[in-house]
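Report on the structure given below.
Chain identifiers are assigned alphabetically (A, B, ...) following the order of the sequence lines, protein sequences preceding nucleic acid strands; residue numbering begins at 1 within each chain.
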Number of protein chains: 2
Amino acid sequence: MSGAAGPGANLTALRSHNAALVLRLLRDAGEGGVSRPELAGRTGLTPQAVSKITARLRAEGLLAEAGQRASTGGKPPTALRLVPDARHAIGLQLDRDEVTAVLVDLAGTSVAARSAPFDFGAPAENALAAATAEVRALLADAAASGVVGGGTAAGGVAAAGGVVAGGGLLGVGVAAPGPLDHGSGVLHRVTGFPQWDGFPLRDALAERLALPVVLDKDTNAAALGLVTAGTAESAAYLHLGTGLGAGLVLGGAVYRGARTDAGEFGHQVIQLDGPPCDCGNNGCLEALCLAAVARGDRKDAARLLGVGATNLVRLLDIDRVLLGGRMVLADPGPYVRGVAAMIAEDSDRASRPPVSVDVVERGERAVVEGAARLVLAPLFALG
Amino acid sequence: MSGAAGPGANLTALRSHNAALVLRLLRDAGEGGVSRPELAGRTGLTPQAVSKITARLRAEGLLAEAGQRASTGGKPPTALRLVPDARHAIGLQLDRDEVTAVLVDLAGTSVAARSAPFDFGAPAENALAAATAEVRALLADAAASGVVGGGTAAGGVAAAGGVVAGGGLLGVGVAAPGPLDHGSGVLHRVTGFPQWDGFPLRDALAERLALPVVLDKDTNAAALGLVTAGTAESAAYLHLGTGLGAGLVLGGAVYRGARTDAGEFGHQVIQLDGPPCDCGNNGCLEALCLAAVARGDRKDAARLLGVGATNLVRLLDIDRVLLGGRMVLADPGPYVRGVAAMIAEDSDRASRPPVSVDVVERGERAVVEGAARLVLAPLFALG
DNA sequence: CCACTTTGGCAACAGTGTTGCCAAAGTGCA
DNA sequence: TGCACTTTGGCAACACTGTTGCCAAAGTGG
C-alpha cells in the first residue's frame, strides 16, 4: 500500500519550483511589480539566478518590465510584473440549481462570466451536456470580445479544438458539492443525488472539452482563494448554505486529507445527546445551526457557528476565518460579529493573538473563481 | 509581515532532498534492505541516479550492502540497508515529576535510557541543571558500554566537548508540556508553572550541552513517531494524562500550526452550556473527560474521548488514531474499545473506510523516543 | 567632479541527474 | 551443454541547474 514515496527531484523539478516561486511573488505583488534584488532576497536565491529565471519567464511572455523604481543609492532597480493576459483558466461551479462559469487571467481576475439554471438532479449525461455547453458559450463570448487569444503561442497548451483561437488556455477547474475524490476526479454519493455516485466527472469533462480538468469540492475551491503569499499561514473558509462545510488551508496549502474528504466541519458534535442529525449522530453543529437559521434566529446561528469556529481555531491554530455561503451572504453582519466575538473572547482568555473574521471576498464568486485557481495553482506552486 | 516566501531550491537542496528520500526508504525497509532498482522505482529517479546517491551515502558510512536477493530472471540485485549505528540522537522528556533521556540510533531504536525524579516547578535554572546532568549521565553510560563512538568521524557534528568519545551524535530533541514555540524554542505559560513563561529552553540547553537542540510539545514528539513511510497519510495521537492534548500528523508531516500551537484537542466544546472548564469555556472535552476519569467511570471517559476523536476524524479525514498518556496506559482496554466503537459506528454510517484505533506503541516511551526523532527527522525529510 | 553603491549581464565553473554504452551474472529454453 | 535473453549496476559523456568572478551602467552624496 506504500507505493511511491514522495517524488524524487530532478533538475526539471528544480527549475519549475524556482520559476513558480518567482511567479508567485510577482503575482502577489500585483501591478506595482517587484525588483530583481527583492526577488533574490525573498527567495534566498542569488541575484544572478534570479536574472536567469526572470529572463526565461520573460521569453515565455509571462513577465514584463514595469518601469524603474527610485534609487536607494545606486542604479535604480527595474520592477518586474506578471503579464496577466499571458494565460487564462476557466472556473466552473456546479451548484444544486445553477451552473456558473468564469474565465480568469493569471492574476486570478475574472475577465468573463456566465451563469445559467442547472438541475443537479438531472441524469448525469444531461447535466454534463449542460455544463459543457456553458463552458463553450463562455469561450465563444470571450473569443468574440477578443479577450483570449492575445497570449503567446508558446506554453504547451494548444487551442481547445477550435473553441478558442490562439493559445494560453490552461484548463478548467470544477467545483462541485462534496463528497468527491479530488485525486481521481470521481464524485461520491452527494446527499439527495444518488445518480452521481461513482461518476468520473473529471475525465468525462476533459474528453468533451479537450482540455485539462481539475475537480474539487466547492469549499476547497473557495479556500484556495485564501492562499496568498508563500507564508505558512492557516485559514478556514466556513460555508453555510444548504449544509455547513469548511475548506481548510493549513500551512499555506489546501488540506484535503488522505481520501481528499477532509472538511466535514458541519458534523462535529457540539452538544452531547443533542437533537438528531441526518448523518445519524446527535448534536451535530450543522443540524443545530440550520435549525437556528430556519427559525430565523440568526444570532443563535452565529453563536453556534462561533462555537464550531473556536474549536477549529484552538485545534488547528488558525490565523484567519472567512465566512461564505448563501445563508451568510444574505445578511453577513450578525454572523461576522457573532463569530468574531466568540473567537476573540476565547483568544483573550488564552492570551493568543487575535484571529481575523471576515466575509469571504467577492462573496458569490468566491467558489467559481477559486475553481479557476485550481488550474492556476500549479504554476505558482500552490495547492 | 510576509518575509521570505518559501525557500528557493539550489543544487545542494536537491541533493539533500534525494538523499533523504533514499534514507527514508531504507529506514522503513528495516533489516531486510532494499535493492537499487526498487529504490529507483519508488523515488521515480533513474537507476543511475540511485547508484550515485547510494554511493555517496555509503562513503559517509550511513549505508551498507546486505547480501543478494533472489534473481528475477537476471543478475540478482544487491540489497542495501541503513547502518543504524552510524549516527545517534538523544531524546529528552521533561515531565511534571520526572525527567527521561534516551539515546537512539538512526533507525530510532533505543540503545540506552535513564530517568530520574524531576521537579518542573523548581526554579528554571535548577531544573535546567538537573536536565543537563541527566543527559551527561546518559552519555557517560553509553560511552562506558561502548555504544557510541563507533560511527565514522565524518558527518559534521563533532564530539560534544569531550562528553562523548568519537562522533556521530546529531543533537538533542526535547519534549515538554505545551504551550511552547517550536520555531524559537521558547516555553510559554505552562499551566501551574509560571516561572517558565518566556524561558528560552532550547538555546539554554544547546549552550550547556554544546549540541544542537530541538524543542517541541510532548504530543507532537509522540506524533512524530507515527510518521512512517512517505505516504500522505494522516494520523492523530491523543494524549490523556494530566490534561488532554493531541499531536497531529497531516499529509505525512507533523502539523504544528502557524504559531506552532496546534493540537488543543482537549478544549473543543462538545457540550453547549456544559460544566465550566479551567480555560474559561463551558463543556470542553477535557473537563468532561477528566471528570469521568476522576469518578472512576472509564467507560464514559472513553465515550467522551470517542466523540472528540470522531469529530477529528470527520474534520481531518484521519486514517489512524493512537491513544497514549498515563490515564490510558494504566488500563488501555476500555479506551481503545470505546473510541474504536464510536469511530467505527460513524464510519459505517458515512460508508467511509475503517479507521484503526490502537494504544501507541511502546507506551511509556512514545514521547521520549519521539523527542529523539525530532533530531533525526531532517535526515529523512520528515517532520 | 569624483568616490561609492547598487543593479544587472556575460563568461567560466562546480555539481546535479540523465543518457548511451557495456560488462557481469543470473534465468530459461533448445 | 550451449546460447539467447533479462536484469543489474558502473563508467563516461552530456545537458542543464544555480554559483562565482568580473565588469559596465547608472544612480547618490560629499
Out of [options], which nucleotide sits closest to the side chain of [X]?
X	options	result
A:Lys52	D:dG27, D:dG18, C:dG17	D:dG18
B:Leu11	C:dG15, C:dG17, D:dA26	C:dG15
A:Pro77	D:dT20, C:dG8, C:dT18	C:dG8
B:Lys75	D:dT7, D:dA26, C:dG17	D:dT7
B:Pro76	C:dG26, C:dT18, D:dT28	C:dG26

Gap between atoms [atom1] and [atom2], on [X] and [N] respectively (whole Å):
X	N	atom1	atom2	value
B:Ile53	D:dG10	CD1	P	13 Å
A:Leu39	D:dG18	CG	P	14 Å
A:Arg69	C:dG8	CZ	P	11 Å
B:Arg15	D:dT19	CZ	C1'	14 Å
B:Leu21	C:dT16	CG	P	16 Å

Does [X] make a side-chain N or O approach to OP1 or OP2 of [N] shorter than 4.0 Å?
X	N	result
A:Arg56	D:dT17	yes
B:Ser51	D:dG10	yes
A:Thr46	D:dT19	yes
A:Thr78	C:dG8	yes
B:Arg36	D:dG10	yes
A:Asn18	D:dT17	no

Worksheet entry | Watson-Crick/G-U partner (both atom distances under 3.5 Å) of C:dC13 |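 C:dC13 is paired, partner D:dG18.
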
Discussion item. Partner lookup for C:dC22, please. Criteria are Watson-Crick or G-U wobble with both distances under 3.5 angstrom; report none if nothing qualifies.
Written reply: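 D:dG9 - that is the nucleotide pairing with C:dC22, both distances being under 3.5 Å.
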
Worksheet item: Rounded to the nearest 0.5 Å, what separation is found between the CG atom of A:Asp319 and the CD atom of A:Glu233?
Response: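 Rounded to the nearest 0.5 Å, the CG-CD separation comes out at 5.5 Å.
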
Discussion item. Any donor-acceptor pair under 3.5 Å linking the side-chain atoms of A:Tyr255 with those of B:Ser234?
Written reply: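 The answer is yes; a qualifying pair exists.
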
Practice prompt. For A:Leu14, answer base if it contacts any base atom (sugar-phosphate contacts may also be present), sugar-phosphate if it contacts only those atoms, and nothing otherwise; contact means non-hydrogen atoms under 4.0 Å.
Written response: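 Result for A:Leu14 = sugar-phosphate.
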
Check: [X] side chain, [Y] main-chain N or O, donor-acceptor pair, under 3.5 Å:
X	Y	value
A:Thr54	A:Ser51	yes
B:Arg202	B:Gly183	yes
A:Arg69	A:Gly33	yes

Discussion item. On DNA chain D, compare the nucleotides closest to A:Gln68 and A:Leu45; which residue's is nearer the 5' end?
Written reply: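 The residue whose closest nucleotide sits nearer the 5' end is A:Leu45.
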
Worksheet item: Mapping B:Arg58 and A:Ala19 onto DNA chain D by nearest heavy atom, which one lands closer to the 5' end?
Response: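 Its nucleotide being nearer the 5' end, the pick is B:Arg58.
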
Worksheet item: Which residue lies toward the 5' end of DNA chain C, A:Ser35 or A:Gly73, if each is placed at its nearest nucleotide?
Response: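 This one resolves to A:Gly73.
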
Practice prompt. Could you pull out the closest heavy-atom pair between B:Ala20 and B:Pro378, with the gap in Å?
Written response: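 The pair with the smallest heavy-atom distance is CB-O, 4.5 Å.
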
